[in-house]
Amino acid sequence: MTETLLRGRLLSFRDVPQGADDTDSYLYIEDGGVLMRDGVIVASGDFGQIHAQAALSTAVVDHRPNLILPGFIDTHIHFPQAQVIASWGAKLLDWLNTYTFPMEAEFSDASHAKRIASLFYDELVKHGTTTAVAFCSVHPESVDAYFDEAEKRNMRMIGGKVMMDRNAPDGLLDTPQTGYDQSLSLIEKWHGQGRALYAISPRFAITSTPEQLEMSQALIEAYPDCYIQTHLSENRDEIDFTLSLYPEASDYLNVYERYGLLGPRSLFGHSIYLNERERAAMAETGSVAVFCPTSNLFLGSGLYDKATFDGAGVRTAIATDVGGGTNYSMLRTLDEGYKVLQLSNQALDPLMSFYWITLGNARALQLDDKIGTLDAGTEADIVVLNCRSSSAMALRAERVTTLREELFLLQTLGDDRSIVETYVSGTPQLGAALVTTGLAP
Ligand code: GUN
Ligand code: ZN
């Protein structure tokens, strides 16, 4: 049995904050403790009380005055795009053809996939992300590399082989049958293996024939507890091309709808240009509209409209979308998200921000019984944040008097330097130099 007690300022959400004064929506403890045993949080609360429950041999890691939160969750990212991030000057379809597809083609090489997977996970944990939902490449080798690495680190990761059978270079195409067969064997191999979960991943309507979307439907019917991830209404040219390929569809979402791909485990990246009918269909099916602000600004795609989703009762999530997105950090993502929403007078409250990247995203994945809070019985994926991690932040922090202000400082100026430590299944990933003491006097 390995038991560790973290000491610091705890913040864990209970529900969606209803405004700046909604102190019921979260738990905040100034001198808090989180007791972790064998990868699970066994108790959290007031340090004195938790300390009294711990064994004498328990190591104590004193993170004061830093904040201890549940690890961040990134609901849309592309693992084979770790060397595509920061590619200049193109909008979505040109960006895919010019930069992304050539880079993804290299993942047919298992040793390349393995190397990038390891470095990709290093970036996630450096940025405080403990769970991500990723597109792998079309090659099954890339999915094995992705989940092998997750298994090594005991991380709760979701992902899947991209299915794409047209409008891409030969080295990146599967067929409806091989896409189905490969996805099926990867589901059998990985879904529910340790902490891994599988996402059936037709890339988007442009790169999937109707036959491939039929096969995606067959997969989700056979494995209803898998996720579905795809892209939706990100860019005007993409929408026009999609509707020309599926002339019978009433709108973009209807393409996926006709193949039974909507539902409470369906994640639709971007979801920028939706009409009222599409929003109603998403709400009715419990589908999730995933906001990818750094990507939407970088690729000049458009502005996500959170208020209309909230108004229509659509479930939402937030994500980096690296490599269209420009940073692995969920803090940088919140900062850009705040600016996108400012343009439509939807100032994102910092409480809502930190709810979103923890419990909110966990709920979007229907995993809130396992991750996204510091509650006893959940998995010990935890991030420790320092709001004075740069000189500019330290200067601003001198005038911070409330938790909301501290959170807003973290999301506006924070980045990977603000991540003091990331715990995955109770194990520290960054090796921050910390004084660790036994409980015995
Ligand atoms: N649409 C289809 N594929 C992609 C991708 O890799 N990135 C983004 N941002 N949009 C896509
Ligand atoms: Zn994407």
Side-chain angles (χ1 to χ4, degrees), residues 74-107 116 120 132-139 142 146 158-169 172-174 179 199-209 212-213 216 227-242 245-246 252-253 255-256 261 266-273 288-304 317-328 333 336-337 340:
D74 185 349
T75 53
H76 182 123
I77 189 166
H78 295 260
F79 135 65
Q81 294 176 16
Q83 295 180 314
V84 176
I85 187 172
S87 293
W88 182 82
K91 293 209 166 188
L92 177 64
L93 299 179
D94 289 337
W95 175 85
L96 285 170
N97 288 319
T98 309
Y99 299 116
T100 306
F101 289 161
M103 208 68 92
E104 291 196 12
E106 296 190 24
F107 285 73
I116 301 294
F120 173 80
V133 187
F135 289 80
C136 301
S137 75
V138 73
H139 317 96
S142 75
Y146 176 81
I158 302 170
K161 171 201 128 69
V162 141
M163 291 187 279
M164 43 199 293
D165 66 346
R166 65 171 166 184
N167 290 319
L172 278 182
L173 295 180
D174 53 14
I200 298 160
S201 310
R203 183 174 205 123
F204 65 158
I206 290 176
T207 49
S208 285
T209 59
Q212 181 153 75
L213 294 186
S216 303
Y227 295 89
I228 292 179
Q229 61 176 347
T230 188
H231 297 84
L232 172 69
S233 283
E234 176 177 3
N235 164 295
R236 299 255 188 220
D237 292 341
E238 173 212 16
I239 297 169
D240 291 346
F241 192 11
T242 299
L245 293 169
Y246 288 91
Y252 195 159
L253 185 71
V255 174
Y256 299 131
L261 301 182
S266 297
L267 309 171
F268 292 97
H270 308 291
S271 299
I272 295 172
Y273 301 103
V288 179
V290 183
F291 183 22
C292 305
T294 72
S295 171
N296 296 162
L297 295 174
F298 181 72
L299 295 175
S301 299
L303 305 175
Y304 180 95
I318 184 164
T320 64
D321 191 34
V322 163
T326 52
N327 207 295
Y328 289 86
T333 300
E336 298 297 294
V340 167

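Just so you know, ligand 1 is whichever comes first in the structure, and atom 1 is the first atom listed for that ligand.
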Would one find more than 12 heavy atoms of other residues, nucleotides or ligands at under 6.0 Å from atom CZ of Arg236?
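No, not enclosed.
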
To check your reading of the model: name the closest protein heavy atom to [atom], its residue, and the distance in Å.
| atom | result |
| --- | --- |
| atom 1 (N) of ligand 1 | His231 CG, 3.4 Å |
| atom 10 (N) of ligand 1 | Glu234 OE1, 2.7 Å |
| atom 7 (N) of ligand 1 | Trp95 CZ3, 3.4 Å |
| atom 3 (N) of ligand 1 | Arg203 NE, 2.8 Å |

Report yes or no: does [X] contribute a side-chain atom to a donor-acceptor pair with the main-chain N or O of [Y] at less than 3.5 Å?
| X | Y | value |
| --- | --- | --- |
| Thr294 | Thr326 | yes |
| Ser216 | Gln212 | yes |
| Gln229 | Ala134 | yes |
| Asp321 | Gly324 | no |
| Ser271 | Ala289 | no |
| Thr333 | Thr320 | no |

Return yes or no for this condition: an N or O of Thr100 is under 3.5 Å from an N or O of ligand 1.
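In fact, backbone or side chain, Thr100 has no N or O that close.
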
Checking contacts here: is it the side chain or the backbone of Thr207 that comes within 4.0 Å of ligand 1, counting heavy atoms only? Could be both or neither.
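Answer for Thr207: neither.
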
I need the contact type for Leu92 against ligand 1. Using non-hydrogen atoms and a strict under-4.0 Å cut-off, is it side chain, backbone, both or neither?
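Within the 4.0 Å criterion, Leu92 contacts ligand 1 through side-chain atoms alone.
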
His231 and Phe135 aromatic centres sub-6.0 Å
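Yes, they do, as the ring centres are separated by less than 6.0 Å.
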
Using a 4.0 Å cut-off to any heavy atom of [X], which atoms of ligand 1 qualify?
| X | result |
| --- | --- |
| Gln81 | 5 (C), 6 (O) |
| His78 | 5 (C), 6 (O), 7 (N) |
| Asp321 | 8 (C), 9 (N) |
| Phe204 | 1 (N), 2 (C) |

Atoms of type N/O/S from protein, distance to the Zn ion (ligand 2) below 2.8 Å
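Protein heteroatoms (N, O, S) closer than 2.8 Å to the Zn ion (ligand 2) number 4.
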
Show the nearest heavy-atom pair for residues [X] and [Y], with the distance to one decimal.
| X | Y | result |
| --- | --- | --- |
| Gly302 | Asn296 | O-CB, 3.3 Å |
| Leu232 | His270 | O-CB, 3.7 Å |
| His76 | Thr230 | CE1-O, 4.1 Å |

Residue-ligand contact Glu238/ligand 1, heavy atom below 4.0 Å
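Distance cut 4.0 Å: Glu238 fails for ligand 1.
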
Using a 3.5 Å cut-off and no angle test, enumerate the donor-acceptor pairs between side-chain atoms of residues 93-106 and protein atoms at least two apart in sequence or in another chain.
residue, atom, partner, partner atom, Å
Asn97, ND2, Leu93, O, 3.1
Thr98, OG1, Asp94, O, 2.6
Tyr99, OH, Trp88, O, 2.5
Thr100, OG1, Trp95, O, 3.3
Glu104, OE1, Arg203, NH1, 2.9
Glu104, OE2, Gln81, NE2, 3.0
Glu104, OE2, Arg203, NH2, 3.0

